[in-house]
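Here the structure is laid out as structure tokens; the discussion comes afterwards.
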Amino acid sequence: MGHETGFDELIRDKWAGRAQAYAETFAGQCAHTVEPMLDALGLRPGTVLLDVGTGAGAVAVAALARGCEVVAVDPEPDMLALAAARAPGATVLPGALPDLRLEQRFDAIAANFVLNHVGEPLASVRCLAGLLRPGGRVAAAIWPAEPRPLQSLWTEVIDAAGAVRPPVAKLPPEHEFPRTPDGLAGLFEASGLDVERAWVHEFVHVVDAEIWWSGPARGVSSMGQLFEAQTPEVLLAMRSAYDRLSARYLGSDGLLHLPGAAVLAVAVR
Ligand SMILES: C[S@@+](CC[C@H](N)C(=O)[O-])C[C@H]1O[C@@H](n2cnc3c(N)ncnc32)[C@H](O)[C@@H]1O
């Protein structure tokens, strides 16, 4: 993979061997954009769709249910195995942006919470643009610059417990882009695509508090890496801060109702 950066390696570690834990915890927060994204792509039965960074296969499963022909790629073998099991109708292949070398061209490409995990976002979108047939569409979702309680609850827990923040994978400034509708649309435009729509999708993530805690406790994502860097005492302090701070989001159903938002964009070649 010619473009591999240190950022990519750090990011890849976040997912290695964590597919089942991801599927049972944090995948839920990424699922809110799947149907809006597939709607924006204008899928029809027979549409040939690439699900890039498929993870546990949520987009692939939903696109198969709409009668699409699906190719799903991910660099993480553990994720790929789970995606293959959950989306048995899809062709599942290893591959990483920005160097996806596929012969096939696609009617539609979905990148659900993937461009926020790549070392070179613009090169990645250019790669996806090259995989579209003329008239084909690509859609992406990322987390917004302005965090909602879905993310800021964790920040509050870290601060309340005085937890140490391990070094985080940061993009070099030349690869950064604004995590806004205009910022995401800008990547598409700079890749020669015509942006049809860029927007913020607001949602409420309803989840059991134990399951939500178990995501990072099982090492999932950057919060999982942060959990792993704490002493047992700090983890205990984090847990009690979590119980206290999350209580304001408890609904009468006993579940957390966490407001969240994603930035989405769709563009045509
Ligand atoms: C947050 S998960 C999203 C998974 C899935 N799209 C979903 O909506 O649940 C990010 C995924 O991107 C994959 N990924 C990380 N780096 C990547 C890269 N350079 N190219 C493609 N996928 C990548 C990870 O292995 C992981 O499965």
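Keep in mind that this is a model prediction, so the values were computed, not measured. Both counts, for ligands and for their atoms, begin at 1 and track the order of listing.
L258 and F26 fall within the same hydrophobic cluster, where Ile, Leu, Val, Met, Phe, Trp and Tyr residues are linked whenever their side-chain heavy atoms come under 4.5 Å apart, directly or through other members. The hydrophobic cluster containing L49 does not contain L115, counting ILVMFWY residues as joined when their side-chain heavy atoms lie under 4.5 angstrom apart, directly or transitively.
The contact set between ligand 1 and G55, taken as ligand atoms under 4.0 Å from a residue heavy atom, comprises 4 (C), 27 (O). Below 4.0 Å from some heavy atom of V114 lie the following atoms of ligand 1, by number and element: 21 (C), 22 (N). For ligand 1, the atoms closer than 4.0 angstrom to any heavy atom of N112 are 3 (C), 5 (C), 6 (N), 8 (O). In summary, the atoms of ligand 1 found under 4.0 Å from a heavy atom of E76, numbered by their order in the structure, are 25 (O). Listed by number with element, the atoms of ligand 1 under 4.0 Å from a non-hydrogen atom of V118 are 18 (C), 19 (N). The distance from ligand 1 to the heavy atoms of Y22 drops below 4.0 Å at these ligand atoms: 1 (C), 2 (S), 3 (C), 4 (C), 7 (C), 9 (O).
Aromatic pair W212/Y249: centroids not less than 6.0 angstrom apart.
Looking at E176, its side chain never comes within 3.5 Å of a backbone N or O of P172 through a donor-acceptor pair. At distances below 3.5 Å, at least one donor-acceptor pair connects side-chain atoms of N112 with backbone N or O atoms of C30.
Using a 4.0 angstrom heavy-atom cutoff, T54 counts as in contact with ligand 1. By the 4.0 Å heavy-atom criterion, F26 is excluded from the residues contacting ligand 1. Heavy-atom separations between A27 and ligand 1 are all 4.0 Å or longer.
Within the 4.0 Å heavy-atom criterion, both parts of L97, backbone and side chain, lie near ligand 1. With a heavy-atom cut-off of 4.0 Å, P75 touches ligand 1 through its side chain alone. Counting heavy atoms under 4.0 Å from ligand 1, residue H117 touches it through both backbone and side chain.
With 3.5 Å as the limit, one finds no donor-acceptor pair spanning the side chains of T47 and D107. In summary, the side chains of H32 and H205 do present a donor paired with an acceptor at a separation below 3.5 Å, with no hydrogens or angles considered.
Closest to atom 13 (C) of ligand 1 by heavy atom, among D99, D78, D74, L100, is D74.
Relative to the six-membered ring of W213, R239 meets both conditions, a distance below 6.0 Å and an angle of at most 45° to the axis.
Among the atoms of C30, none of the N or O lies under 3.5 angstrom from an N or O of ligand 1.
By the 30° and 60° cut-offs, the orientation of the rings of W154 relative to Y242 is parallel.
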